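Heads up, the thing below is written out as structure tokens.
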Amino acid sequence: MKEPSQNEDTAKKVHIQTFGCQMNEYDADKMLAVLRHENYFHTNYQEDADLIILNTCSIREKAENRVFSELGRLRKLKSVNPELKIGVGGCVAQQEGESILLREANVDFVFGTDNLFELPEMLNKVSQGQKISQTERHPRQKIRNFIPNYTFQQARHFGIKAHLTITKGCNNHCSFCVVPITRGPEVSREPEDILAEAQQLISVGTKEICLLGQNVNSYKANGVDFVELLHRLDKLENLERLRFISPHPKDFHAVLADAFVTLPSLCEHLHLPLQSGSDRILRGMRRWYTMETFYEKVALLRDRLPEATLSTDLIVGFPGETEEEFEMTMEAVRSVCFDLIYSFKYSSRPGTRAAEYPEHLSENEKSERLRTLLETQEEIVQKKNEALVGSIQEVLIEGKHHRKENTATGRTRGNHPVSIINSATKVGDLLAVRITGAQPNSLEAEPISTSTDSG
Ligand code: 5AD
Ligand code: SF4
């Protein structure tokens, strides 16, 4: 259904296709918010669209290649509908800029990660037949001012879960990572703006907010640090669950571990990206912690909250990684027993330090290591999930199971996906359940109480 403010005669349709990380999902919401002011509404179908935006990711080469093959596919659509405008935003656009216009004649405009608020001006020029490449970086203050100008009121979806960006960019310069190049230095949003946005999300039914940033725990603005921000958000009425991704292990301290115990809304789940189990590789990655300190950080959390879940990111086949060093990553995985790992084959990114390192491994070696890692992790998770059978968990209902009748799906506070059988629930309900079964990727449960939902 269209919104009343939309002008029926001039409304246009935009299709935004997002690749990559949560940060990009968030940017897509912002783009839509901006475009709503220009009388665009979203369509799920490329064929219907007057404007298609590819919101790109360059963190690994695979994601980048997908963008160019998608642009190739779009040639056909443009030949059928020459009025169609095509834009490329996000990290690939930030890095490649004008060369995308040269490589793909169908692309009308390219814009960087700081430039999405300039979409109206760009579209105006594009409608006059100009080709635009706008990837200029803005000073920090200007970005700070941009962010709150558009609210989530016009955003694509505000379900019961929302992502809220608190920092953009990164100052860390891990040697493998393109983010500091594509997203620039770290900027923290004003706490007042974050709280106002959170309040607004809650007022439209959001129950769970996940704070986003490349390195959330280095957040600092107006004298407010990350833990203080968590405290302030926790006080907001009707916010049931608070999460954050991703903290950097070097900045994970006892005060933050304490917050998991003292703040009722903060879910008992920590994503702590390890990347490698070898101190030598961690040095080469410029991660600034050792395995010893990583284990200490894990203990900080587990001493306080033994039931907390832990997830991590791991890279296999970093340049020069020996069999023994890969085995150290395996050892770390076996001893920490993460509940979930996101594992990646090292992907060489232009402009990063590690791209210049010698001894790059072959694709086959990297694939073999990834396979070994995933096999071991699957066994660990199966055991950990089986140990949860019989336990009572709180689940936030997110929807209906797409295959199973009469079954709802949701997540525990530890972030386990759960299907709840024979459950008459609605989205947004908080439900106490008993875990009855365990698969490697999900849990099964039955309700043990009626909804605790207040609204
Ligand atoms: N190659 C492989 N994985 C990478 N990541 C970031 N850059 C690369 C790269 N060049 C992974 C890291 C990071 C996650 C978001 O993506 O594990 O934590
Ligand atoms: Fe990239 Fe490292 Fe910054 Fe994460 S902390 S975004 S891996 S540079």
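Just follow the structure's listing: the first ligand is 1, and inside any ligand the first atom is 1. Note that the structure is predicted; figures quoted are calculated from it, not measured.
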side-chain hydrogen bond (donor to acceptor under 3.5 Å, both in side chains) assessment of Gln382 paired with Glu378: CA-CA 6 Å; Gln382 181 66 36; Glu378 198 172 312; over 6 Å; no
Answer yes or no for Cys174: is there an N/O/S atom below the 2.8 Å cut-off from atom 1 (Fe) of ligand 2?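 So Cys174 does not count as coordinating atom 1 (Fe) of ligand 2.
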Return yes when atom [atom1] of [X] has more than 12 non-hydrogen atoms of other residues, nucleotides or ligands closer than 6.0 Å, and no otherwise.
{"X": "Arg353", "atom1": "CZ", "result": "no"}
{"X": "Glu98", "atom1": "CD", "result": "no"}
{"X": "Lys345", "atom1": "NZ", "result": "yes"}

Does this structure show an ion pair linking [X] with [Y], if we count only N-O contacts that are shorter than 4.0 Å?
{"X": "Glu96", "Y": "Arg103", "answer": "no"}
{"X": "Arg411", "Y": "Glu208", "answer": "no"}
{"X": "Arg66", "Y": "Glu70", "answer": "no"}
{"X": "Lys383", "Y": "Glu379", "answer": "no"}

Is the contact between Ile315 and ligand 1 made by the side chain, the backbone, both, or neither, using heavy atoms and a 4.0 Å cut-off?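 Side chain only.
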Atoms of ligand 2, numbered as shown, that sit under 4.0 Å from any heavy atom of [X]:
{"X": "Val179", "result": "6 (S)"}
{"X": "Asn172", "result": "3 (Fe), 5 (S)"}
{"X": "His173", "result": "8 (S)"}
{"X": "Cys177", "result": "1 (Fe), 6 (S), 7 (S), 8 (S)"}

Looking at ligand 1, does any of its N/O atoms fall within less than 3.5 Å of an N/O of [X]?
{"X": "Arg349", "result": "no"}
{"X": "Asp313", "result": "yes"}
{"X": "Phe176", "result": "yes"}

Is Arg183 close enough to touch ligand 2? Criterion: a residue heavy atom under 4.0 Å from a ligand atom.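 No, Arg183 has no heavy atoms under 4.0 Å from ligand 2.
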CD-OG1 distance between Glu327 and Thr372, expressed to the nearest 0.5 angstrom: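 Nearest 0.5 Å value for the CD-OG1 distance: 9.5 Å.
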If the cut-off is 4.0 Å to any non-hydrogen atom of [X], which atoms of ligand 1 fall inside it?
{"X": "Lys345", "answer": "1 (N), 2 (C)"}
{"X": "Gln275", "answer": "12 (C), 13 (C), 17 (O), 18 (O)"}
{"X": "Ser347", "answer": "1 (N), 2 (C), 9 (C), 10 (N)"}

So which bit of Pro180 gets within less than 4.0 Å of ligand 2, heavy atoms only: side chain, backbone, both or neither?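 Only the side chain of Pro180 comes within reach of ligand 2.
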Say whether Gln94 and Thr113, considering side chains only, have a donor N or O and an acceptor N or O under 3.5 Å apart.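 Yes, because at least one side-chain N or O of Gln94 sits under 3.5 Å from a partner of the opposite role on Thr113.
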Any idea which protein heavy atom is nearest atom 4 (Fe) of ligand 2, and the distance to it?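 Checking every protein heavy atom, the shortest distance to atom 4 (Fe) of ligand 2 gives Gln214 O, 4.1 Å.
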How close does the nearest protein non-hydrogen atom get to atom 3 (Fe) of ligand 2, and which residue and atom is it?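 Checking every protein heavy atom, the shortest distance to atom 3 (Fe) of ligand 2 gives Cys170 SG, 2.3 Å.
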